[in-house]
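Just the heavy atoms: all of them, side chains too, but no hydrogens, waters or symmetry mates, feed the values below.
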Amino acid sequence: MEKEKRKKKPLRKKILRIIAWFFGILFLLIFLIIIFIRSPWGQNIIVQRAVQYVSDKTHTAVAIEKLFITFDGNIMLKGLYLEDTKGDTLVYSKSLEAGIPLLPIIRGNAIGIDYLKWEGLKANIFRKDSIEGYNFQFLIDAFATDKPKPVEKDTSSTMPNIIIGDVFFSDFDLNFQDDVLGIDTDLKLGNLTLQMKKTDLEKMDFRASKIALSNTRAHFKQTPVPPTPKEESDMPLPFLQVDELALKNVFVDFISEPNRIAANLELADFLIELKKGDLEANEFEVGNLRLKNSVVILHTQTETNGVTETAENLKDEAKKDIQKFDWPEMRIAVSKIDFRENHIGYYVSDAQVKKGIFDANALDLQDFNLVVNDVHLKDKKAGMVIDRFSFEEGSGLILKKLETAISATDEDIVVANLDFALNENSLKGD
């Protein structure tokens, strides 16, 4: 019996040693793998293998200057370059840094980005027809698996909780051309800062503390395309809130050939504080709305376009029953509107401004100033206080001054403290 006990003890010790060695070697391997992945040398090997794999799959040039990923979700990507099948630049990214918490994603709680800084992005996306598709279709085809089995819609599933923190974009050059949809867009973005407070895709609730765009040029052109049937959607209209939306030195060229409308915007200083924008309930609350030293020009190719058609429809309805008035189903509140030293223009077809002849189809308002307080529309009541309204129109009309307080209900319209001066004419009263 004693001999058997002696034999069992060494056997147990051997088993324990084997287990200890096994876990020791396992932990050592895990440690070495972590060191390998965390080291620049190891990540460089991984990146080169991945680049070669993608390049072999797509038969296009792919390059990454530097990629570093930490286990807590920090990503740094520099010098990403990807060509299309014709050898032209599809995407180039100079520098990308992001902080993505991995623990909430692993737990399935949320998908989030704490911090995103993207600099020097260039992308060229185009589609000539619906057969060949977009010029990045080769990427989808290269990594596509066999035809998946149809999956039944899961109506019980909910949208993932998305958390977006601070986002900084700079020096973007984006080109998007879709001949199928008739869209031609060119965007040269200087700087964009986005600080989000809430992003709820399921309820369409978006709230931001700050959105700032500066030193940006955008061109958008819509050409006629065959009409497509409208799809009905049960998705709710969004709720928007932006504590501060600021645009500085933003230039926009907009052309819509179907509506025969073109607009040129040069926004030197624009600010809006959108406290509430509930599109579902038609409720809008704005703090300050500011536009200074800017240019807004609207051109229409003919007298019949989307804007004039809407106005004509309103006129026709008014002619049917001139005494009928329905208050709009919306609530609007604006604390202050401050427009100063702006240039506003409106032109129909080839109409031109002529000195001494006023033409409503050719308006050129220089030195346009408008300061309004307490704008409100609610419960069949409306009103505002005009502290300043002045401009110089190209035909010779000079509005030197307009100051008044206006309020309206179902029964009356009250104009108080009116002070009006146009050219050599003036009017004061209540």
Side-chain angles (χ1 to χ4, degrees), residues 37 42-70 73-100 102 105-106 111-113 115-151 153 159-160 162 164 167-189 192 194 199 201 218-221 223 225 228:
I37 294 174
Q43 295 210 1
N44 184 57
I45 293 176
I46 296 172
V47 168
Q48 294 303 321
R49 291 291 180 89
V51 166
Q52 188 62 44
Y53 175 77
V54 174
S55 182
D56 292 341
K57 271 281 196 180
T58 61
H59 306 289
T60 58
V62 182
I64 295 177
E65 182 183 334
K66 186 177 181 181
L67 174 63
F68 188 77
I69 303 174
T70 63
N74 293 325
I75 299 173
M76 182 178 68
L77 173 63
K78 288 189 175 182
L80 170 65
Y81 175 76
L82 179 62
E83 286 184 354
D84 61 16
T85 53
K86 295 181 180 179
D88 299 324
T89 301
L90 179 65
V91 175
Y92 172 75
S93 173
K94 182 180 178 182
S95 175
L96 171 65
E97 296 180 34
I100 304 174
L102 297 180
I105 298 175
I106 294 171
I111 300 173
I113 299 175
Y115 172 83
L116 175 62
K117 184 178 180 180
W118 203 342
E119 179 185 356
L121 173 64
K122 183 175 182 180
N124 296 295
I125 308 297
F126 61 84
R127 179 171 65 163
K128 297 297 182 183
D129 53 57
S130 56
I131 298 174
E132 292 188 6
Y134 290 104
N135 59 330
F136 58 80
Q137 184 63 39
F138 71 96
L139 289 172
I140 300 173
D141 296 338
F143 295 97
T145 57
D146 295 335
K147 191 174 180 180
K149 296 179 181 178
V151 180
K153 270 190 175 181
M159 298 290 288
I162 296 178
I164 300 176
V167 177
F168 305 95
F169 292 160
S170 62
D171 192 20
F172 277 24
D173 187 357
L174 308 177
N175 295 284
F176 177 78
Q177 184 176 347
D178 192 331
D179 293 345
V180 178
L181 298 178
I183 296 175
D184 185 1
T185 304
D186 180 21
L187 174 64
K188 289 179 172 55
L189 184 147
L192 172 64
L194 175 62
T199 305
L201 293 177
H219 168 81
F220 177 87
K221 184 178 181 180
T223 55
V225 294
T228 55

Hey, what's the ring geometry for Trp118 with Phe172, parallel, tilted or perpendicular (30° and 60° as the breaks)?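 The rings of Trp118 and Phe172 stand perpendicular, inter-plane angle above 60°.
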Using side chain to side chain contact (heavy atoms under 4.5 Å, CB included) as the criterion, point out the one residue from Leu96, Leu194, Ile75 that pairs with Leu116.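 The passing option is Leu96.
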Measure the [atom1]-[atom2] distance between [X] and [Y] for me, rounded to the nearest 0.5 Å.
X      : Y      : atom1 : atom2 : value
Ile164 : Tyr115 : CD1   : OH    : 15.5 Å
His219 : Asn175 : NE2   : CG    : 10.0 Å
Leu181 : Ser130 : CG    : OG    : 10.0 Å
Phe220 : Asp184 : CZ    : CG    : 9.0 Å
Ser93  : Lys122 : OG    : NZ    : 13.0 Å

Tell me which one of Arg127, Lys128, Lys221 satisfies salt bridge (charged side-chain N to carboxylate O under 4.0 Å, His left out) with Asp178.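 The option that passes is Arg127.
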Just grab all the salt bridge (charged side-chain N to carboxylate O under 4.0 Å, His left out) pairs involving residues 55-66, residues at least two apart or on different chains.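 Sorted result for residues 55-66: empty, none.
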Is the backbone N or O of Gly182 less than 3.5 Å from a side-chain atom of Thr223, with the two atoms forming a donor-acceptor pair by type?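 Such a contact is found between Thr223 side chain and Gly182 backbone.
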With a 3.5 Å distance limit and no angle check, can you tell me whether Asn135 reaches the backbone of Phe126 through a side-chain donor-acceptor pair?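 Yes, because the side chain of Asn135 sits within donor-acceptor range (under 3.5 Å) of the backbone of Phe126.
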[X] vs [Y] side-chain heavy atoms within contact, under 4.5 Å:
X      : Y      : value
Thr58  : Thr85  : no
Asn124 : Asp84  : no
Tyr134 : Phe176 : yes
Leu121 : Val91  : yes
Thr60  : Leu90  : no

Which atoms form the tightest heavy-atom contact between [X] and [Y], and what is the distance?
X      : Y      : answer
Glu132 : Asp129 : N-OD1, 2.8 Å
Leu80  : Ile64  : CD1-CG1, 3.8 Å
Leu187 : Ala218 : CD1-CB, 3.9 Å

